[in-house]
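Below is one structure, written out as structure tokens; comments come after it.
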Amino acid sequence: MSVYYQWKTFDEDDDRPEKPRRFGVTEMRGPQYSLLTQNMLRDVFESMGQFVDGLKFSGGSHSLMPRSFIKDVIDMAHQHDIYVSTGDWAEHLLHKGPSAFKDYVEECKNMGFDTIELNVGSLGVPEETLLRYVRLIKSADLKAKPQFAAKFNKSDIPIGGNRAFGAYMPPTPQSFELIEDIDLLIRRAERCLKAGADMIMIDADDICKDAESLRADIIAKVIGRLGLEKTMFEASNSKTTEWFIKHYGPKVNLFIDHSQVIGLECLRGRNLFRIDA
């Protein structure tokens, strides 16, 4: 007995729209773990640009590059209808004062970025401040994408119990203990979406970093509450990518390494049901 997957063309699949797509989005990791020159990025865009929806400067890598290089890359991406995201870098600006984030948003807009990502765990700001950041990004006509992890610092998890508005609450001692709380992740993500966030990025750590330890229960709960269109998952390797497509089809939004673009698109174009022969 052999098991295989039947192929079909994209023309036969109404679930995969042309760009700009609201679902089935593929966001590609830019320079971080490897050096991607303009020539290499141009090769990727010219050969696979129709399959790439977004480019993310991961890990604040754009902060180490000349402005002229960043601008050229952004312009090149836009020529191929590819949006460009800042990645998680905003948290490094908070020590500069209250106006630093607003200046950062304006700078990103001037540079041509389309999306500002907010790493909620690294930011470490109160929930209302996070929502204010989302609104500030949207007021600049940019897209906001908060990034959530499955675990929160124990001291950041709200304590239950009703309190009168304005009542004194003793400060919680800072903790370095991380606790999994998916309901808190979803509640905060829902509030971000209500405030205008365009997409919620789900960090791979503790959820889908390895296919062997992938948390299908968490993924199902997040998608069930937030919806497939509003969530994007970081897929760390090809096995994880295949799992997402097999279980959620071509509509799932994924963030991947540039080396996985063709493999992912082949999976999106495949009718992934088992045929036993």
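Heads up: numbering here begins at 1 and tracks the sequence.
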**Q.** Where Ile223 and Leu228 come nearest, the two heavy atoms and their spacing
**A.** CD1-CD1, 3.7 Å

**Q.** Leu264 and Phe51, any side-chain heavy atoms less than 4.5 Å apart
**A.** no

Q | Smallest separation among heavy atoms of Thr240 and Cys208, with atom names | A | CG2-O, 3.3 Å

Q.
As an exercise, state the distance from CZ of Phe45 to NE2 of His258, rounded to the nearest 0.5 Å.
A. 11.0 Å

Q: Would you check if Ile202 and Leu185 make a side-chain contact, meaning some heavy-atom pair closer than 4.5 Å?
A: yes

Q: Please collect all salt bridge (charged side-chain N to carboxylate O under 4.0 Å, His left out) contacts where either partner lies in residues 141-150, sequence neighbours excluded, each pair once.
A: Glu27-Lys145

(Q) For Trp243 and His247, take the angle between the two ring planes, folded into 0 to 90°, and tell me which bin it lands in: parallel under 30, tilted 30 to 60, perpendicular over 60. (A) parallel

Q | CG on Leu118 to CD1 on Ile137, rounded to 0.5 Å | A | 4.0 Å

Q. Are Phe148 and Asp203 side-chain neighbours, meaning at least one heavy-atom pair lies under 4.5 Å?
A. no

Q. Which heavy-atom pair separates Leu55 from Ile82 by the least distance, and what is that distance?
A. N-CG2, 3.7 Å

Q: Say whether Leu131 and Val120 are linked into one hydrophobic cluster, either directly or through other cluster members, by side-chain heavy-atom distances under 4.5 angstrom.
A: no

Q: For Thr241 and Ala235, work out which heavy atoms get closest and say how close.
A: OG1-CB, 3.4 Å

Q: With the side chain counted from C-beta on, respond yes when Met201 and Phe255 share a heavy-atom pair under 4.5 Å apart, and no when they do not.
A: yes

Q | Pair Arg191-Glu128, side-chain contact (heavy atoms from CB on, under 4.5 Å): steps then yes or no | A | CA-CA 10 Å; Arg191 292 199 69 192; Glu128 294 303 323; 2.9 Å; yes

Q. If you measure from the Lys or Arg side-chain nitrogens to the Asp or Glu carboxylate oxygens, is any gap between Arg132 and Glu127 under 4.0 Å?
A. no

Q. With the 4.5 Å side-chain cut-off for hydrophobic clustering, are Ile70 and Val44 part of the same group?
A. yes

Q) Can you check whether Glu265 reaches Met48 side chain to side chain, under 4.5 Å on heavy atoms? A) no

Q: To the nearest 0.5 Å, tell me how far Ser236 OG sits from Glu234 CD.
A: 5.0 Å

Q: Test Phe244 against Phe233 for ring-ring contact (aromatic ring centres under 6.0 Å, His included), laying out the working first.
A: CA-CA 9 Å; Phe244 273 106; Phe233 293 88; 5.0 Å; yes

Q: Please report the closest heavy-atom contact between Tyr83 and Met232, naming both atoms and the distance.
A: OH-CE, 3.9 Å

Q: Using a strict 4.0 Å threshold on nitrogen-to-oxygen distance, state whether Lys239 and Asp210 make a salt bridge.
A: no

Q) CD/Glu242 to CD1/Ile245 distance, rounded to the nearest 0.5 angstrom? A) 9.5 Å

Q.
Do Pro20 and Asp81 make a side-chain contact, defined as non-hydrogen atoms from C-beta onward lying under 4.5 Å apart?
A. no

Q) Where the side chain of Asn237 meets the backbone of Lys209, is there a donor-acceptor pair that is under 3.5 Å apart? A) yes

Q: Report yes or no: do Ile256 and Leu267 belong to one cluster of Ile/Leu/Val/Met/Phe/Trp/Tyr joined by side chain heavy-atom distances under 4.5 Å?
A: yes

Q: Given side-chain contact (heavy atoms from CB on, under 4.5 Å), test Val84 with Thr115 step by step and report yes or no.
A: CA-CA 6 Å; Val84 186; Thr115 300; over 6 Å; no

Q. Should the heavy atoms of other residues, nucleotides or ligands under 6.0 Å from NZ of Lys138 be counted, would the total exceed 12?
A. yes

(Q) If you compare all heavy atoms of Val52 against all heavy atoms of Lys19, which two are closest, and at what distance to 0.1 Å? (A) O-NZ, 3.0 Å

Q) Is there a donor-acceptor pair under 3.5 Å between the side chain of Asp198 and the backbone N or O of Ala144? A) yes

Q.
Rounded at 0.5 Å granularity, tell me how far CE in Met76 sits from CZ in Arg42.
A. 4.5 Å

(Q) Before you tell me yes or no, could you show the steps for Lys221 and Leu226 under side-chain contact (heavy atoms from CB on, under 4.5 Å), namely the whole-Å CA-CA distance, both residues' side-chain angles and the distance that decides it to 0.1 Å? (A) CA-CA 8 Å; Lys221 191 169 187 177; Leu226 302 181; over 6 Å; no

(Q) Under a 4.0 Å threshold between the charged nitrogen and the carboxylate oxygen, would Asp53 count as salt-bridged to Arg21? (A) yes

Q) Using 4.0 Å as the upper bound for N to carboxylate O, is an ion pair formed by Lys71 and Asp75? A) yes

Q) Is Thr231 reaching over with its side chain to a backbone N or O of Gly227, donor-acceptor style, under 3.5 angstrom? A) yes

Q: For the pair Leu142 and Phe113, evaluate side-chain contact (heavy atoms from CB on, under 4.5 Å) and give the outcome as yes or no after the intermediate values.
A: CA-CA 8 Å; Leu142 297 174; Phe113 282 101; 5.5 Å; no

Q. Are any of the side-chain heavy atoms of Met199 and Asn253 separated by less than 4.5 Å?
A. yes

Q) Okay, side chain of Arg29, backbone of Ser259: is any donor-acceptor separation there less than 3.5 Å? A) no

Q) Would you call Lys151 and Glu180 a salt bridge, taking side-chain N to carboxylate O under 4.0 Å as the test? A) no

Q.
Using 0.5 Å steps for rounding, measure from the SG atom of Cys192 to the CZ atom of Arg135.
A. 9.5 Å

Q. Are the side chain of Arg268 and the backbone N or O of Pro250 linked by a donor-acceptor pair below 3.5 Å?
A. yes

